[in-house]
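Numbered from 1 within each chain, the chains take letters A, B, ... in sequence-line order.
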Protein chains: 2
Amino acid sequence: MLKQETLSKNQQIVLDYIEKVNEPIKAYSILHNLQKKGIKAPLQVYRALDKLVEIGKIHKIESRNAFVACKNSNCQISKATAFSICESCEEVSEISDSKLSKYLKNFQDKAGMKFNKYNLEFFGLCKKCSVK
Amino acid sequence: MLKQETLSKNQQIVLDYIEKVNEPIKAYSILHNLQKKGIKAPLQVYRALDKLVEIGKIHKIESRNAFVACKNSNCQISKATAFSICESCEEVSEISDSKLSKYLKNFQDKAGMKFNKYNLEFFGLCKKCSVK
DNA sequence: TACACAATGTTATATTATAACAATTAACAC
DNA sequence: GTGTTAATTGTTATAATATAACATTGTGTA
Ligand SMILES: [Zn+2]
Ligand SMILES: [Zn+2]
Ligand SMILES: [Zn+2]
Ligand SMILES: [Zn+2]
(Lines give C-alpha, C1' and ligand atoms only; values in the text may rest on other atoms or scores of the structure.)
(Ligands and ions follow the chains in the order given, each with its own letter.)
Protein backbone atom coordinates (compact mmCIF):
# COMPACT_ATOMS: atom_id res chain seq x y z
CA MET A 1 0.00 0.00 0.00
CA LEU A 2 1.26 3.43 -0.86
CA LYS A 3 1.73 6.07 1.73
CA GLN A 4 -1.57 7.64 2.64
CA GLU A 5 -2.34 10.66 0.49
CA THR A 6 -5.71 11.73 1.81
CA LEU A 7 -7.07 11.98 5.28
CA SER A 8 -9.87 9.79 6.49
CA LYS A 9 -13.23 11.23 7.44
CA ASN A 10 -12.58 11.64 11.15
CA GLN A 11 -9.05 12.85 10.58
CA GLN A 12 -10.34 15.54 8.24
CA ILE A 13 -13.12 16.61 10.58
CA VAL A 14 -10.69 16.99 13.47
CA LEU A 15 -8.07 18.76 11.37
CA ASP A 16 -10.63 21.20 9.94
CA TYR A 17 -11.70 22.11 13.44
CA ILE A 18 -8.18 22.56 14.78
CA GLU A 19 -7.28 24.75 11.84
CA LYS A 20 -10.42 26.80 12.29
CA VAL A 21 -9.93 27.59 15.96
CA ASN A 22 -6.36 28.53 15.20
CA GLU A 23 -5.09 28.20 18.74
CA PRO A 24 -4.13 25.30 20.97
CA ILE A 25 -7.10 23.19 21.83
CA LYS A 26 -7.58 20.23 24.10
CA ALA A 27 -8.74 16.80 23.09
CA TYR A 28 -11.92 16.87 25.13
CA SER A 29 -12.76 20.31 23.87
CA ILE A 30 -12.53 18.95 20.35
CA LEU A 31 -14.76 16.08 21.39
CA HIS A 32 -17.41 18.38 22.86
CA ASN A 33 -17.41 20.64 19.85
CA LEU A 34 -17.68 17.95 17.21
CA GLN A 35 -20.56 15.91 18.56
CA LYS A 36 -22.83 16.89 15.71
CA LYS A 37 -20.20 15.82 13.20
CA GLY A 38 -20.34 12.34 14.65
CA ILE A 39 -17.33 12.57 16.94
CA LYS A 40 -18.81 11.00 20.04
CA ALA A 41 -16.03 9.16 21.83
CA PRO A 42 -12.56 10.11 23.07
CA LEU A 43 -10.99 7.47 20.91
CA GLN A 44 -12.29 9.03 17.74
CA VAL A 45 -10.49 12.19 18.74
CA TYR A 46 -7.28 10.62 19.98
CA ARG A 47 -6.93 8.38 16.96
CA ALA A 48 -7.29 11.31 14.62
CA LEU A 49 -4.88 13.38 16.72
CA ASP A 50 -2.30 10.61 16.70
CA LYS A 51 -2.35 10.41 12.94
CA LEU A 52 -2.34 14.17 12.43
CA VAL A 53 0.64 14.55 14.75
CA GLU A 54 2.41 11.71 12.97
CA ILE A 55 2.08 13.34 9.57
CA GLY A 56 2.93 16.78 10.91
CA LYS A 57 -0.39 18.51 10.27
CA ILE A 58 -0.67 19.37 13.94
CA HIS A 59 1.66 19.45 16.92
CA LYS A 60 1.16 18.67 20.57
CA ILE A 61 2.05 21.36 23.08
CA GLU A 62 3.36 18.97 25.68
CA SER A 63 3.35 21.33 28.63
CA ARG A 64 -0.32 22.13 28.00
CA ASN A 65 -1.71 18.85 26.74
CA ALA A 66 -3.08 20.75 23.80
CA PHE A 67 -2.92 20.50 20.06
CA VAL A 68 -2.36 23.16 17.46
CA ALA A 69 -2.27 23.26 13.68
CA CYS A 70 1.16 23.50 12.09
CA LYS A 71 1.84 26.94 10.72
CA ASN A 72 4.89 26.08 8.69
CA SER A 73 3.12 25.00 5.56
CA ASN A 74 6.22 23.06 4.70
CA CYS A 75 6.75 21.47 8.10
CA GLN A 76 6.33 17.94 6.74
CA ILE A 77 8.58 16.80 9.46
CA SER A 78 6.87 16.88 12.79
CA LYS A 79 10.29 16.16 14.15
CA ALA A 80 11.64 19.58 14.92
CA THR A 81 9.22 21.82 16.73
CA ALA A 82 9.59 25.02 18.73
CA PHE A 83 6.95 27.13 20.38
CA SER A 84 6.65 30.29 22.39
CA ILE A 85 4.06 30.22 25.12
CA CYS A 86 2.75 33.20 27.04
CA GLU A 87 2.38 32.24 30.67
CA SER A 88 -0.25 34.90 31.18
CA CYS A 89 -2.71 34.59 28.29
CA GLU A 90 -1.54 31.18 27.11
CA GLU A 91 -1.07 32.39 23.57
CA VAL A 92 1.10 29.93 21.68
CA SER A 93 2.94 30.45 18.47
CA GLU A 94 5.12 28.17 16.46
CA ILE A 95 8.63 29.44 16.01
CA SER A 96 10.00 29.23 12.53
CA ASP A 97 13.65 30.19 12.69
CA SER A 98 16.03 28.43 10.37
CA LYS A 99 19.10 29.29 12.44
CA LEU A 100 17.54 27.83 15.54
CA SER A 101 16.39 24.68 13.80
CA LYS A 102 19.74 24.21 12.14
CA TYR A 103 21.50 24.68 15.48
CA LEU A 104 19.29 22.13 17.21
CA LYS A 105 19.32 19.61 14.39
CA ASN A 106 23.08 19.58 14.53
CA PHE A 107 23.38 19.58 18.28
CA GLN A 108 25.58 16.77 19.48
CA ASP A 109 25.07 15.34 22.92
CA LYS A 110 28.22 14.78 24.92
CA ALA A 111 27.28 11.12 25.20
CA GLY A 112 27.33 10.94 21.43
CA MET A 113 23.64 10.24 21.19
CA LYS A 114 22.24 11.16 17.80
CA PHE A 115 18.84 12.75 17.82
CA ASN A 116 16.17 12.46 15.20
CA LYS A 117 13.64 14.72 16.83
CA TYR A 118 13.25 17.53 19.32
CA ASN A 119 10.64 19.73 20.90
CA LEU A 120 11.38 23.10 22.43
CA GLU A 121 9.00 25.24 24.43
CA PHE A 122 9.83 28.79 25.44
CA PHE A 123 7.87 30.51 28.18
CA GLY A 124 7.48 34.20 28.85
CA LEU A 125 5.13 37.09 28.40
CA CYS A 126 3.81 38.03 25.00
CA LYS A 127 3.90 41.64 23.89
CA LYS A 128 0.32 42.33 24.92
CA CYS A 129 0.78 40.84 28.38
CA SER A 130 4.14 42.44 29.09
CA VAL A 131 2.76 45.97 28.92
CA LYS A 132 -0.10 45.31 31.33
CA MET B 1 8.98 34.82 56.61
CA LEU B 2 12.34 34.18 55.05
CA LYS B 3 12.70 32.10 51.97
CA GLN B 4 12.36 28.48 52.79
CA GLU B 5 15.70 26.89 53.62
CA THR B 6 14.66 23.38 54.48
CA LEU B 7 12.24 21.02 52.92
CA SER B 8 9.12 19.91 54.71
CA LYS B 9 8.62 16.31 55.73
CA ASN B 10 6.69 15.20 52.66
CA GLN B 11 8.87 17.18 50.31
CA GLN B 12 11.95 15.49 51.73
CA ILE B 13 10.44 12.03 51.57
CA VAL B 14 9.49 12.49 47.93
CA LEU B 15 12.80 14.04 46.98
CA ASP B 16 14.77 11.28 48.69
CA TYR B 17 12.85 8.71 46.73
CA ILE B 18 13.26 10.46 43.39
CA GLU B 19 16.97 10.85 43.96
CA LYS B 20 17.28 7.23 44.96
CA VAL B 21 15.60 5.76 41.89
CA ASN B 22 17.71 8.01 39.74
CA GLU B 23 15.51 7.83 36.69
CA PRO B 24 12.26 9.46 35.62
CA ILE B 25 9.40 8.30 37.75
CA LYS B 26 5.70 8.92 37.63
CA ALA B 27 3.61 10.51 40.32
CA TYR B 28 1.47 7.46 41.01
CA SER B 29 4.51 5.25 41.13
CA ILE B 30 5.89 7.52 43.82
CA LEU B 31 2.57 7.27 45.61
CA HIS B 32 2.53 3.49 45.52
CA ASN B 33 6.09 3.21 46.70
CA LEU B 34 5.84 5.58 49.63
CA GLN B 35 2.72 4.28 51.32
CA LYS B 36 4.66 3.12 54.35
CA LYS B 37 6.25 6.53 54.69
CA GLY B 38 2.79 8.01 55.10
CA ILE B 39 2.27 9.18 51.54
CA LYS B 40 -1.25 7.96 51.02
CA ALA B 41 -2.98 10.39 48.70
CA PRO B 42 -2.16 11.82 45.27
CA LEU B 43 -2.19 15.32 46.65
CA GLN B 44 0.62 14.60 49.03
CA VAL B 45 2.71 13.62 46.05
CA TYR B 46 1.64 16.39 43.71
CA ARG B 47 2.12 19.10 46.31
CA ALA B 48 5.62 17.92 47.03
CA LEU B 49 6.37 17.62 43.32
CA ASP B 50 5.10 21.14 42.67
CA LYS B 51 7.41 22.59 45.29
CA LEU B 52 10.39 20.51 44.24
CA VAL B 53 9.95 21.57 40.64
CA GLU B 54 9.58 25.17 41.71
CA ILE B 55 12.85 25.18 43.61
CA GLY B 56 14.66 23.26 40.89
CA LYS B 57 15.40 20.07 42.83
CA ILE B 58 13.54 18.03 40.24
CA HIS B 59 12.29 18.57 36.71
CA LYS B 60 9.24 17.35 34.90
CA ILE B 61 9.75 15.47 31.66
CA GLU B 62 6.71 16.88 29.95
CA SER B 63 6.47 14.40 27.13
CA ARG B 64 6.46 11.54 29.61
CA ASN B 65 4.59 12.95 32.57
CA ALA B 66 7.48 11.91 34.72
CA PHE B 67 9.77 13.54 37.21
CA VAL B 68 13.51 13.28 37.61
CA ALA B 69 16.05 14.65 40.03
CA CYS B 70 18.16 17.54 38.79
CA LYS B 71 21.69 16.46 38.00
CA ASN B 72 23.21 19.90 37.71
CA SER B 73 23.97 20.44 41.35
CA ASN B 74 24.02 24.12 40.60
CA CYS B 75 20.81 24.21 38.61
CA GLN B 76 19.05 26.46 41.10
CA ILE B 77 17.04 27.81 38.30
CA SER B 78 14.53 25.30 37.06
CA LYS B 79 14.06 27.69 34.20
CA ALA B 80 16.35 26.32 31.56
CA THR B 81 16.12 22.60 31.08
CA ALA B 82 17.21 20.23 28.35
CA PHE B 83 16.93 16.48 28.18
CA SER B 84 17.79 13.63 25.89
CA ILE B 85 15.28 10.82 25.75
CA CYS B 86 15.80 7.41 24.24
CA GLU B 87 12.66 6.40 22.40
CA SER B 88 13.51 2.76 22.78
CA CYS B 89 14.51 2.25 26.42
CA GLU B 90 13.15 5.56 27.72
CA GLU B 91 16.44 6.43 29.33
CA VAL B 92 16.50 10.13 30.09
CA SER B 93 19.45 12.32 30.86
CA GLU B 94 19.71 15.96 31.62
CA ILE B 95 21.86 17.87 29.17
CA SER B 96 24.34 20.26 30.68
CA ASP B 97 25.89 22.22 27.87
CA SER B 98 26.77 25.82 28.52
CA LYS B 99 26.87 26.74 24.84
CA LEU B 100 23.41 25.37 24.31
CA SER B 101 21.97 27.07 27.35
CA LYS B 102 23.61 30.35 26.46
CA TYR B 103 22.25 30.10 22.95
CA LEU B 104 18.72 29.42 24.13
CA LYS B 105 18.76 31.95 26.92
CA ASN B 106 19.65 34.62 24.41
CA PHE B 107 17.31 33.47 21.72
CA GLN B 108 15.09 36.28 20.50
CA ASP B 109 11.71 35.54 19.05
CA LYS B 110 10.86 37.39 15.88
CA ALA B 111 7.83 38.81 17.64
CA GLY B 112 10.17 40.32 20.19
CA MET B 113 8.84 38.19 22.97
CA LYS B 114 11.30 37.89 25.83
CA PHE B 115 11.52 34.50 27.44
CA ASN B 116 12.29 33.72 31.03
CA LYS B 117 12.17 29.96 30.75
CA TYR B 118 12.47 27.10 28.31
CA ASN B 119 12.30 23.35 28.14
CA LEU B 120 13.92 21.31 25.42
CA GLU B 121 13.50 17.60 24.84
CA PHE B 122 15.61 15.70 22.33
CA PHE B 123 14.54 12.27 21.14
CA GLY B 124 16.62 9.54 19.61
CA LEU B 125 18.35 6.29 20.38
CA CYS B 126 20.84 6.00 23.17
CA LYS B 127 24.17 4.30 22.54
CA LYS B 128 23.03 0.98 23.93
CA CYS B 129 19.86 0.94 21.86
CA SER B 130 21.43 2.10 18.63
CA VAL B 131 23.71 -0.93 18.33
CA LYS B 132 20.91 -3.43 18.80
C1' DT C 1 0.49 35.76 73.07
C1' DA C 2 -1.42 36.71 68.26
C1' DC C 3 -0.78 36.71 63.46
C1' DA C 4 0.29 35.09 58.84
C1' DC C 5 1.41 31.66 56.00
C1' DA C 6 3.10 27.07 54.79
C1' DA C 7 2.15 22.45 55.00
C1' DT C 8 -0.83 18.54 55.92
C1' DG C 9 -4.83 15.26 55.82
C1' DT C 10 -8.87 13.77 53.60
C1' DT C 11 -12.64 12.94 50.40
C1' DA C 12 -14.23 13.62 46.13
C1' DT C 13 -13.87 14.80 41.43
C1' DA C 14 -11.92 16.49 37.08
C1' DT C 15 -9.02 15.78 33.19
C1' DT C 16 -6.34 13.20 29.97
C1' DA C 17 -5.60 8.93 27.62
C1' DT C 18 -5.78 3.87 26.44
C1' DA C 19 -7.48 -1.30 26.35
C1' DA C 20 -10.14 -4.56 24.11
C1' DC C 21 -12.96 -6.27 20.61
C1' DA C 22 -16.17 -6.27 16.81
C1' DA C 23 -17.44 -4.29 12.44
C1' DT C 24 -16.55 -1.72 8.32
C1' DT C 25 -14.04 0.33 4.65
C1' DA C 26 -10.12 1.18 1.38
C1' DA C 27 -6.14 -0.37 -1.31
C1' DC C 28 -3.86 -3.79 -3.68
C1' DA C 29 -2.59 -8.35 -6.15
C1' DC C 30 -4.32 -11.57 -8.91
C1' DG D 1 -14.57 -9.35 -10.25
C1' DT D 2 -12.25 -12.40 -5.77
C1' DG D 3 -9.42 -12.77 -1.99
C1' DT D 4 -6.18 -10.59 1.09
C1' DT D 5 -4.35 -7.19 3.99
C1' DA D 6 -4.22 -3.07 6.50
C1' DA D 7 -6.44 1.13 7.90
C1' DT D 8 -10.28 3.05 9.91
C1' DT D 9 -14.37 3.14 12.61
C1' DG D 10 -17.69 2.29 16.49
C1' DT D 11 -18.44 1.20 21.21
C1' DT D 12 -18.03 0.25 26.10
C1' DA D 13 -15.25 0.31 29.76
C1' DT D 14 -11.28 1.57 32.29
C1' DA D 15 -6.64 3.42 33.29
C1' DA D 16 -3.64 7.16 34.30
C1' DT D 17 -2.81 11.87 35.48
C1' DA D 18 -4.07 15.85 38.13
C1' DT D 19 -6.88 19.27 40.87
C1' DA D 20 -10.92 21.28 43.95
C1' DA D 21 -12.49 22.15 48.36
C1' DC D 22 -12.21 22.43 53.12
C1' DA D 23 -10.73 21.49 57.70
C1' DT D 24 -6.58 21.11 60.51
C1' DT D 25 -1.94 21.49 62.11
C1' DG D 26 2.70 23.29 62.24
C1' DT D 27 6.22 27.08 62.01
C1' DG D 28 8.39 31.56 61.99
C1' DT D 29 7.92 36.14 63.55
C1' DA D 30 6.25 40.38 65.93
ZN1 LIG E 1 5.01 22.81 12.35
ZN1 LIG F 1 0.04 36.97 26.69
ZN1 LIG G 1 18.55 20.60 36.38
ZN1 LIG H 1 17.98 3.34 24.89
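At dT8(C), one or more side-chain N or O atoms of Ser8(B) fall inside 4.0 Å of OP1 or OP2 (strictly under the cut-off). Proximity of Asn65(A) to the phosphate of dA17(C): a side-chain N or O atom is located under 4.0 Å from OP1 or OP2. One finds no side-chain N or O of Lys9(B) lying less than 4.0 angstrom from the OP1 or OP2 phosphate oxygen of dA6(C). A close approach under 4.0 Å does occur between a side-chain nitrogen or oxygen of Lys60(B) and OP1 or OP2 of dA18(D).
Paired with Cys70(B) under the rule side chain to side chain contact (heavy atoms under 4.5 Å, CB included), one option of Glu19(B), Lys57(B), His59(B) passes, and it is His59(B). Here the rule is side chain to side chain contact (heavy atoms under 4.5 Å, CB included) with Ile13(A), and of Val45(A), Ile18(A), Leu34(A) only Leu34(A) fits it.
Look at NZ on Lys51(B): it is 14 Å from C1' on dT27(D), rounded to the nearest Å. Rounded to whole Å, the distance from CD1 on Ile61(A) to P on dT16(C) is 14 Å. Phe67(B) places its CZ atom 10 Å from the P atom of dT17(D), with the value rounded to the nearest Å. Counting to the nearest Å, the C1' atom of dT8(D) and the CG atom of Asp50(A) are 13 Å from each other. The separation between Arg64(A) atom CZ and dA17(C) atom P is 14 Å, rounded to whole Å. Atom CD in Glu62(B) sits about 13 Å away from atom P in dT16(C), given to the nearest Å. Atom-to-atom, CG of Asn10(A) to C1' of dA7(D) comes out at 12 Å; the value is rounded to the nearest Å.
Residues Lys117(B) and Glu87(A) are paired through a salt bridge, judged by an N-O separation under 4.0 Å between the basic side chain and the carboxylate.
Between Ile95(B) and Phe122(B) the shortest side-chain heavy-atom distance falls below 4.5 Å. In this structure, the side chains of Ser63(A) and Asn119(B) stay at 4.5 Å or more apart for every pair of heavy atoms.
Rounded to the nearest 0.5 Å, atoms CG (Leu100(B)) and OH (Tyr103(A)) are 5.0 Å apart.
Within residues 27-47 of chain B, the residues that have a heavy atom under 4.0 Å from DNA chain C are, in order of number, Ala41(B), Leu43(B), Gln44(B), Arg47(B). At a non-hydrogen distance threshold of 4.0 Å, nothing from residues 12-19 of chain B comes into contact with DNA chain C.
With hydrophobic clusters built from ILVMFWY side chains whose heavy atoms lie under 4.5 angstrom apart, Leu43(B) does not share a cluster with Ile58(B). In the hydrophobic clustering of this structure, Tyr46(A) groups with Ile25(A); members are Ile, Leu, Val, Met, Phe, Trp, Tyr whose side-chain heavy atoms approach within less than 4.5 Å, directly or through other members.
For Lys114(B), the NZ atom counts as densely surrounded, since its 6.0 Å shell holds more than 12 non-hydrogen atoms of other residues, nucleotides or ligands.
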